[in-house]
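The structure appears below as structure tokens.
Residue numbers start from 1 in every chain, and the chains themselves are labelled A, B, ... in the order their sequence lines are given, proteins ahead of strands. Treat the numbers as computed from the prediction; the structure is a model and nothing was measured. In what follows, every heavy atom counts, from backbone to side chain, and hydrogens, waters and symmetry copies are set aside.
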Amino acid sequence: MITTAGRKLIASLNETQAEAVSNCSGPLLVLAGAGSGKTRVLTHKFAWLVSEMGVAPSSILAVTFTNKAAREMQGRVRKLLDTDLKGLDIGTFHSFGLRFLIRNSKDLQRIAGRKISTIIDRSDVRSLVKGIMKDLDIDQKRFEPGWVIESISRGKVEGDQKLLIPRVLEYPVDSIFQKYQQILIRQGSADFDDLLVLPLHLMLNDRELLNRERERFEWILVDEYQDVNRPQYMLLKLLAGDDAHIMVVGDPDQSIYGWRGADMNMILNFEKDFPRSRVVILEQNYRSTSNILGAANGVIRNNSRRKPKKLWTSRANGEKIHVLLARNEREEAAFVAGEIMRLRETGYPFKDIAILYRINAMSRLYEEALLRNDIPYRIVRGTAFYERREVKDVIAFMRLAVNPFDSAALERIGNVPTRGLGKKSLEKTGEYIDRNPSIFAEMIWKEISQSGAGLAGKAKQGVCELAVHMGRILERRTDIPSVIDYIMLEMSYEDELGKFDPEGWRERAENVRELLSVITSEGGLETMLAEIALVTDLDIMDEDTERVSLMSLHAAKGLEFPAIFLAGLEETIFPHYRCMDDPDNLEEERRLCYVGMTRAEERLYMTAARSRVLFGMTQRNGFSRFLWEIPDEFKSTEDRGEEESSFAGGWPNRRRWGW
DNA sequence: CCCCGTTAACTTTTT
DNA sequence: GTTAACGGGG
């Protein structure tokens, strides 16, 4: 029996969407092609569960990949249910993990002997690993820190979560890992992987805890299932239990995070993993014109490992894909800017337009072209907003205040503004803190402000001052705006910004204030610090401003724009040279291209340059194979031809031959 | 011990 | 063009 409310919920859906929403009899896999209404299905499912199945909203766990997706889902669910629901558990895997660890912190201490006060991000991990490598005398040229970090992460993620030991590692990663882990535990910090692995560890070792968590969630909804990695999968499996009230939504063709450990097999094997499961395939695309869809299908068709799926649309053909083969990257960028102006005249506001590229290093080129044409833009870096120096500094002040054992924070801002604490003194201070018998931050800072941490002279004075400041921050811990004021004014960090960056300090100070708008200040300093690490640039982008968006293809996942420029379509850039040797990686690149193309609703431009100056070198790499994979019927190619050789003198790094 | 200049190296994608 | 590491002067 379906209620009126239920009928209303379903009325706006097509047949397969409705099937996905109303079928609650067992595990459900929704294969949702690009633009087929996947978020719609998720939100309606949520509402259906509440209004038709009588499930309490708080016992539905909904996980997404970005905070932005979570927020959007939350908003749409609220609207559908037309209530002011509290306790909606919609968030990212990582924020779920974090909240899990917070609410089970006693068990975390008991079972794993760990306490989480800080989440460390990529750059923290980087400096930590580099420091360790230095200590262990490991050549950073032979073993790139980036590679080491990746190996550590892989080791952790693919390890034995019950025993909490990594996969077998080789020298030198094994010894670095050990030290790394030791430091994390001592500092009371967790990396991103810990947020997934530690909850698993707890549930695998404590039956009662597992049951408690299982009972919490009657239903589980998962977005972007094609991008889950092993611990995420295990988490879901464990929480779902035998009766498996779970619906996952995803598209294998949009799996683009394999390099980060995402495993497409999870979605390909769903039916085997979850017995008695059903599959619903959404193939009608509501987003793009049929030319765009045809072109995208033409590209993705070249992948061998996929579930065949034929997306279709009832929309008109629309314009053909405009392929531009430019002479050089400057011409390409100028074309993009010019075309944007033209589009605007034909009725596309700037906010409907996006430029996508494979590597962030390319953003500057298009940025400059837009600047020259007075086109407003914003760059969306997928990376953490708080990786901006000023934001990071301010957070480091707070982190250190709350957690004196956070040596990364100490090193970062112990001497900011300068107070006579050099590298050596900071090191000594760190050691002194580690030896401190107290575990309470207040007492540690108080003690140091009197003792001077065993230092002498100027350094002693400096460390006392630092400790006093830290104490003051703690006193304000429930009032975050006042903490920020204290740091900016009393600790004269604002002056410091002015010294460091005389032109941009105003904007930087503004960024710090922006921090306040991102965070929920209830819950005080500690909660905020934990959550802030999970907030990215993407999450604070304001959609309504009249600006063109610039972002990497990865950052564009889940977004859509009426007009899209896909730039830099040249071999070794896209596909990227580090992905070209291995067929699996190449297929991921192709999926990335597919993702990019299907972001477009009406207009799609794909541009390439015969020669490109990148990283200070002129390269001629040939046009991307993806361009040739687009069937001719869907594209119109504009070839600007060869560069005139008489201008060859203008190329400083031009190779002598090779083309 | 700190600061500032220089040089050198290096550039995928990110929760 | 950019940031990180290094070395010499204060």
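Here the nucleotide nearest the side chain of Arg364(A), chosen from dA5(C), dT2(C), dT14(B), is dT2(C). Listed nucleotides: dT15(B), dC3(B), dT13(B). Nearest to the side chain of Asn415(A): dC3(B). The side chain of Glu144(A) lies closest to dT11(B) when the candidates are dT11(B), dT12(B), dT14(B). For Ser425(A), counting side-chain heavy atoms from C-beta on, the closest listed nucleotide (dC1(B), dC3(B), dT13(B)) is dC1(B). When the nucleotides dT12(B), dC1(B), dT14(B) are ranked by their closest atom to the side chain of Tyr257(A), dT14(B) comes out on top. Here dT15(B) is the nucleotide among dA5(C), dT13(B), dT15(B) with the atom lying nearest to any side-chain atom of Phe192(A). Among the nucleotides dT14(B), dT15(B), dT12(B), the one closest to the side chain of Thr92(A) is dT15(B).
The CZ-C1' distance, from Arg260(A) to dT13(B), rounds to 9 Å in whole Å. Atom CZ of Arg358(A) is separated from atom P of dT13(B) by 7 Å (rounded to the nearest Å). For the pair Asp227(A) CG and dT15(B) C1', the computed distance is 11 Å after rounding to whole Å. We find that CG of Asn360(A) is positioned 16 Å from C1' of dC10(B), with the value rounded to whole Å. Atom-to-atom, OH of Tyr577(A) to P of dT11(B) comes out at 7 Å; the value is rounded to the nearest Å. The interatomic distance linking Leu195(A) (CG) with dT14(B) (C1') rounds to 14 Å, in whole Å. Straight-line distance from the CG atom of Leu356(A) to the C1' atom of dT13(B): 13 Å, rounded to whole Å. Computed from coordinates, the Asn229(A) CG to dT14(B) P distance equals 17 Å when rounded to whole Å.
Remark: the Glu72(A) side chain and the Gln74(A) side chain contain no N/O donor-acceptor pair separated by less than 3.5 Å. For the residue pair Glu332(A) / Thr607(A), a side-chain donor-acceptor distance below 3.5 Å is found, with atom types taken as modelled. For the residue pair Asn328(A) / Ser611(A), no side-chain donor-acceptor distance below 3.5 Å is found, with atom types taken as modelled. At a cut-off of 3.5 Å, with distance as the only test, no side-chain donor of Tyr225(A) or Asp251(A) sits close to an acceptor on the other residue.
Leu421(A) comes within 4.0 angstrom of the backbone, heavy atoms only, and of no base.
At most 12 heavy atoms of other shown residues, nucleotides or ligands fall within 6.0 angstrom of atom CD in Gln461(A). Residue-environment remark: CZ (Arg330(A)) stays at or below the threshold of 12 foreign heavy atoms within 6.0 Å.
With centres under 5.5 Å and a plane angle under 30°, the ring of Trp259(A) is stacked against the base of dT13(B).
Contact annotation: Asn67(A) side-chain N/O to dT15(B) OP1/OP2 distance is not under 4.0 Å. A sub-4.0 Å separation between OP1 or OP2 of dT15(B) and a side-chain N or O of Ser95(A) is absent. Lys557(A) has no side-chain polar atom (N or O) that falls below the 4.0 Å cut-off from OP1 or OP2 of dT13(B). At dT12(B), none of the side-chain N or O atoms of Asn585(A) fall inside 4.0 Å of OP1 or OP2 (strictly under the cut-off).
Each of Gln232(A) and His576(A) has a nearest nucleotide on DNA chain B; the 5'-most of these lies closest to His576(A). Mapping Arg419(A) and Ile256(A) onto DNA chain B by nearest heavy atom places Arg419(A) at the nucleotide closer to the 5' end.
In this structure the side chain of Glu571(A) never reaches within 4.5 angstrom of the side chain of Tyr577(A), judged on heavy atoms. In this structure, the side chains of Ile256(A) and Glu589(A) stay at 4.5 Å or more apart for every pair of heavy atoms.
Secondary-structure annotation of DNA chain C gives the stems B:1-9 with C:2-10, with a stem taken as at least 3 successive Watson-Crick or G-U pairs whose two distances both fall under 3.5 Å.
The gap from the C1' atom of dT13(B) to that of dA4(C) amounts to 22 Å, rounded to the nearest Å.
Cation-pi geometry between Arg591(A) and Tyr594(A) is not met: the NZ or CZ atom fails to fall both under 6.0 Å from the ring centre and inside 45° of the normal.
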